[in-house]
Amino acid sequence: MKGVLFVISGPSGVGKGTLVKAVLSKREDIKLSVSCTTRAPREGEVDGREYYFISREEFLSRIRENDFLEYDEHFGNFYGTPRSYVERQLKNNSVVLEIDVIGALNSKKLMPDAVLIMIAPPSLEELKKRLLGRGTETEETVKNRLERVQYELDQQHLYDYVIVNDDLKEAEHRLMQIIDSEIDKRK
Ligand code: 5GP
């Protein structure tokens, strides 16, 4: 295996998607693994870009076929990392998974060399503002999501790195530094 598996997590709304996109747009040698989900697409989301949107039946059948490196259920929907894509890419490239804390810890068990990076919000208040500002979430969904945030942040000590996303440019710079140094270490 030539590449490094980077697993990036952080509460919903923390900006991890934006950060990951910024880094990947500059690096041909790092591939994003697009997860499968049974949740409905949000406005603007495209099948195969944000997620592969698949039915519950298909998801369950793929679980039985051991097609997921890891999977988890959030708010009644399944989310999973396609195993074959990740394994194939790692032969030549590094791979980024953008997944939740439980999925990240499960991936590390399966692939102990994985590098776990948590993106944390400057504060819970700030995160709440960002989630409501998105306009795609109801008050109720935001409340459910915030309840999960504390749990996720409490797992920080299990991560290799924590980046506080206070300033997007600085956070991007830090993420790039971490990625470069981890790739260098294994050369
Ligand atoms: P959202 O519905 O906001 O896109 O994602 C909800 C949660 O699912 C987020 O915490 C996100 O990181 C997580 N997630 C996305 N893809 C995967 C995956 O493949 N596996 C796991 N375990 N979690 C995922």
Side-chain angles (χ1 to χ4, degrees), residues 5-21 23-24 31-56 58-60 62-63 65-90 95-111 114-121 124 127-156 158-159 161-163 165 171 175:
L5 182 64
F6 294 99
V7 185
I8 302 187
S9 330
S12 222
V14 78
K16 55 186 189 299
T18 312
L19 268 177
V20 167
K21 257 188 227 133
V23 167
L24 294 186
K31 307 292 177 193
L32 177 69
S33 161
V34 177
S35 296
C36 297
T37 182
T38 60
R39 87 150 158 73
R42 293 191 188 116
E43 193 156 326
E45 287 183 335
V46 175
D47 187 45
R49 190 179 67 191
E50 280 79 15
Y51 289 104
Y52 293 105
F53 297 98
I54 65 176
S55 67
R56 209 172 166 85
E58 184 177 348
F59 203 103
L60 293 174
R62 289 180 61 171
I63 293 176
E65 283 156 20
N66 197 23
D67 252 8
F68 295 115
L69 190 65
E70 62 73 41
Y71 68 91
D72 198 6
E73 198 174 0
H74 309 279
F75 317 115
N77 291 306
F78 284 114
Y79 295 77
T81 304
R83 175 194 299 283
S84 56
Y85 177 83
V86 173
E87 290 180 348
R88 198 168 62 242
Q89 287 298 338
L90 281 174
V95 175
V96 169
L97 309 183
E98 198 194 309
I99 62 178
D100 77 312
V101 169
I102 295 172
L105 300 176
N106 285 338
S107 315
K108 181 101 179 175
K109 269 188 225 140
L110 286 170
M111 297 194 168
V115 177
L116 303 192
I117 304 172
M118 173 160 308
I119 314 294
L124 282 188
L127 186 68
K128 187 173 175 192
K129 251 193 271 164
R130 288 187 200 171
L131 278 176
L132 283 169
R134 262 185 186 178
T136 54
E137 319 276 328
T138 61
E139 282 267 1
E140 184 60 22
T141 324
V142 170
K143 189 169 154 273
N144 286 339
R145 285 179 186 273
L146 284 174
E147 277 167 9
R148 202 184 155 89
V149 170
Q150 195 56 57
Y151 163 77
E152 295 194 351
L153 295 177
D154 287 347
Q155 312 303 311
Q156 280 185 33
L158 300 172
Y159 275 65
Y161 299 95
V162 177
I163 301 175
N165 189 10
L175 180 57

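When a ligand or atom number is given, it counts from 1 through the structure's own listing order.
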Quick one: does Ser9's side chain have a donor or acceptor within less than 3.5 Å of a partner on Ile99's backbone? yes
I'd like the residue list for ligand 1, meaning every protein residue with a non-hydrogen atom under 4.0 Å from the ligand. Ser12, Lys16, Ser35, Arg39, Arg42, Tyr51, Glu70, Asp72, His74, Tyr79, Gly80, Thr81, Glu98, Ile99, Asp100, Gly103, Arg145
Would a distance-only check, ignoring hydrogens and angles, find a side-chain to backbone donor-acceptor pair under 3.5 Å from Arg83 to Asn66? yes
Using only atom types and a distance under 3.5 Å, with no angle test, would you say the side chain of Gln150 pairs donor to acceptor with the backbone of Leu146? no
Geometric class of the Phe59/Phe78 ring pair [parallel <30°, tilted 30-60°, perpendicular >60°]: parallel
Donor-acceptor contacts under 3.5 Å from residues 14-21 side chains, at least two apart:
| residue | atom | partner | partner atom | Å |
| --- | --- | --- | --- | --- |
| Lys16 | NZ | Gly10 | O | 2.9 |

Go through the steps to decide whether Glu58 and Arg62 satisfy the test salt bridge (charged side-chain N to carboxylate O under 4.0 Å, His left out), and finish with yes or no. CA-CA 6 Å; Glu58 184 177 348; Arg62 289 180 61 171; 3.7 Å; yes
